[in-house]
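Everything below concerns the one structure shown next.
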Amino acid sequence: MPGGPLQSLWRRWCRYKYRFVPWIALNLNNNPRTLRYVPEESKDKIISDEDVLGTLLKVFQALFVNDFNKQSDLLTMLPEPVKSKYQHLLGFEHHRMNLLENKYQQQNISKPEDILYNTLCFSVARGTSSLISAGRGVFVTKGLVPRGTVVSMYPGTVYQKYEPIFFQSIGNPFIFRCLDGVLIDGNDKGISKVVYRSCNGRDQLGPLKMSDSSWLTSEIHNPLAIGQYVNNCSNNRAANVCYQEFDVPADFPIELKQYLPNIAYSTEKHSPLRCVVLVALRDIKQGEELFSNYYTIVS
């Protein structure tokens, strides 16, 4: 291969081709790197689905309560069993609104990253990666992430393996391929961004949102929804997080769905919503960057 621009272009293609859907389809049988290899499906779980669900509910509930002054109108549209869970907050919020009349109410609302720290004792954020030419990465900005903890989520539009994603995949390094062929497009730009916003608006029921689109902006409501920026490990940077697939249960609280950073491309209710979380493989200290293998191999 000649040097100069062509060599640079070839290196970029060699890194990217494993996420280019047409190339994957043509080379599926000959290239094991296009698949996440797990000898037994159960071994793909670093922690249980119950633990993943518990963490998400804990964080989402804290975000919901923190932003309750904007949620009280929404609650009036929900079934009585849902409203009853927040009845004590409705009374408190009414009293607080009277006290804060003609004042700037936002001063008493914490930032999402602070809510994450107060809930799980750590916070994460995007920053310039420590890897040369890697662009952005994800860092633990505060606290300690214990081993076996959900540290972030992989946001994006969820495609079944038979659904069209050709044009979205072109030049897109943010497509995650699940074990069963389900694809998650975590790109926050271009066609991918337009598709996600369209699906987000399609599924909204009045003021009640079924997913979170704030990860497409600089004002992220769910501080975990930055997993697409976690870089692959390198020869001198060992992986400290692992991808784990998780299907959202049918009884997931409707008022908390507004924080889910994933949405189905199709309107067919043939399967649960697929999410992918990143789980810490060891204790991760403040200031450390998160690294993972794109295709997690669990032996």
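What you see is a predicted model; the values in this text were computed from it and never measured. Along the sequence shown, residues carry numbers from 1.
- Y243 and V230 make their closest contact through OH-O, 4.0 Å (heavy atoms, listed as atom of the first residue, atom of the second, distance).
- When hydrophobic clusters are built by joining Ile, Leu, Val, Met, Phe, Trp and Tyr residues whose side-chain heavy atoms come closer than 4.5 Å, directly or via intermediates, I254 is grouped together with Y259.
- Rounded to the nearest 0.5 Å, atoms OG1 (T157) and CD1 (I263) are 7.5 Å apart.
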- request: Would you check, one step at a time, whether the test side chain to side chain donor-acceptor pair (under 3.5 Å) holds for Y86 with Q61?
  value: CA-CA 11 Å; Y86 304 99; Q61 185 87 29; 3.2 Å; yes
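- Between L208 and Q258, every side-chain heavy-atom pair lies at or beyond the 4.5 Å cut-off.
- Proximity of Q244 to D49: side-chain heavy atoms (C-beta onward) are separated by under 4.5 Å at one or more points.
- You'll find the side chain of P207 reaches within 4.5 Å of the side chain of M77, heavy atoms only.
- With values rounded to the nearest 0.5 angstrom, S110 atom OG is found 10.5 Å from D67 atom CG.
- For Y265, the side-chain hydrogen bond (donor to acceptor under 3.5 Å, both in side chains) criterion is met by no residue, not counting sequence neighbours.
- No path of Ile, Leu, Val, Met, Phe, Trp and Tyr side chains, each step under 4.5 Å between heavy atoms, connects L144 with F139, placing them in separate hydrophobic clusters.
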query: Between Q168 and Y159, is a side chain to side chain donor-acceptor pair (under 3.5 Å) present by the stated rule, with each step listed?
result: CA-CA 11 Å; Q168 296 93 312; Y159 294 84; 2.9 Å; yes
Side-chain donor-acceptor contacts of residues 283-291 below 3.5 Å, not counting sequence neighbours, with atom names and distances?
unit_1 : atom_1 : unit_2 : atom_2 : d
D283   : OD1    : R147   : N      : 2.8
Q286   : OE1    : G143   : N      : 3.3
E288   : OE1    : R282   : NH1    : 3.3
E288   : OE1    : R282   : NH2    : 2.7
E288   : OE2    : R282   : NH1    : 3.4
E288   : OE2    : K285   : N      : 2.8
E289   : OE1    : S129   : OG     : 3.4
E289   : OE1    : S130   : N      : 2.9
E289   : OE1    : S130   : OG     : 2.7
E289   : OE2    : S129   : OG     : 2.8
E289   : OE2    : N231   : ND2    : 3.3

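- Between the CD1 atom of I46 and the CG atom of D51 there is a distance of 12.0 Å, given to the nearest 0.5 Å.
- Residues V65 and Y117 do not share a hydrophobic cluster, defined by chaining ILVMFWY side chains whose heavy atoms lie under 4.5 Å apart.
- Contact of the E163 side chain with the I165 side chain is not registered, since no non-hydrogen atoms from C-beta on lie closer than 4.5 Å.
- For D114, there are no salt bridge (charged side-chain N to carboxylate O under 4.0 Å, His left out) partners at least two apart in sequence or on another chain.
- For the atom pair CG (L63) and CG (L256), the distance works out to 9.0 Å, reported to the nearest 0.5 Å.
- Residues L205 and L273 share a hydrophobic cluster, clusters being chains of Ile/Leu/Val/Met/Phe/Trp/Tyr side chains in contact below 4.5 Å.
- Under the 4.5 Å side-chain heavy-atom criterion for grouping Ile, Leu, Val, Met, Phe, Trp and Tyr, Y196 is not connected to I191 through any hydrophobic cluster.
- No donor-acceptor distance shorter than 3.5 angstrom exists from the side chain of N66 to the backbone of P112, with no hydrogens or angles considered.
- Around the NZ atom of K85, the shell of radius 6.0 Å holds more than 12 heavy atoms that belong to other residues, nucleotides or ligands.
- Each of I226, L216, T217 was scored for a side-chain contact (heavy atoms from CB on, under 4.5 Å) with D188, with one residue passing: L216.
- Atom CH2 of W215 and atom CG of N262 lie 8.0 Å apart (nearest 0.5 Å).
- Enclosure of atom NZ in K209 is not indicated, since only 12 or fewer non-hydrogen atoms of other residues, nucleotides or ligands lie within 6.0 angstrom.
- For the pair S192 (side chain) and D185 (backbone), a donor-acceptor distance under 3.5 Å is absent.
- Between Y154 and F176, the ring planes are tilted. Angles from 30° to 60° get that label.
- Considering CZ of R274 and CG of L183, their distance stands at 10.5 Å, rounded to 0.5 Å.
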message: For a side-chain contact (heavy atoms from CB on, under 4.5 Å) check, start with the C-alpha distance between N222 and F60, then their side-chain angles and the critical distance, and finish with the verdict.
response: CA-CA 8 Å; N222 174 3; F60 292 0; 3.6 Å; yes
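- Partners of R136 according to the side-chain hydrogen bond (donor to acceptor under 3.5 Å, both in side chains) rule, which considers only residues two or more places apart in sequence or in another chain, are Y229.
- Contacts of D203 classified as side-chain hydrogen bond (donor to acceptor under 3.5 Å, both in side chains), with partners at least two apart in sequence or in another chain: none.
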query: Can V182 and Q160 be said to form a side-chain contact (heavy atoms from CB on, under 4.5 Å), step by step?
result: CA-CA 5 Å; V182 169; Q160 299 301 313; 3.7 Å; yes
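- Using a 4.5 Å heavy-atom cutoff, the side chains of F246 and V150 are not in contact.
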Sequence neighbours left out, cut at 3.5 Å: what donor-acceptor pairs do the side chains of residues 119-126 make with other protein atoms?
unit_1 : atom_1 : unit_2 : atom_2 : d
T119   : OG1    : I115   : O      : 2.7
S123   : OG     : T141   : OG1    : 2.8

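- Taking all atoms of both residues into account, the shortest heavy-atom contact from G227 to S152 is CA-OG, 3.7 Å.
- The nearest pair of heavy atoms linking V151 to L224 is O-CD2, 3.5 Å.
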message: For a side-chain contact (heavy atoms from CB on, under 4.5 Å) check, start with the C-alpha distance between V158 and I184, then their side-chain angles and the critical distance, and finish with the verdict.
response: CA-CA 5 Å; V158 180; I184 301 179; 4.2 Å; yes
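- Listed here is the closest heavy atom pair of A280 and P146: CB-O, 3.6 Å.
- Considering all non-hydrogen atoms of both residues, V248 and P272 come closest at O-CB, 3.6 Å.
- Heavy-atom minimum distance, M153 versus L56: SD-CD2, 3.7 Å.
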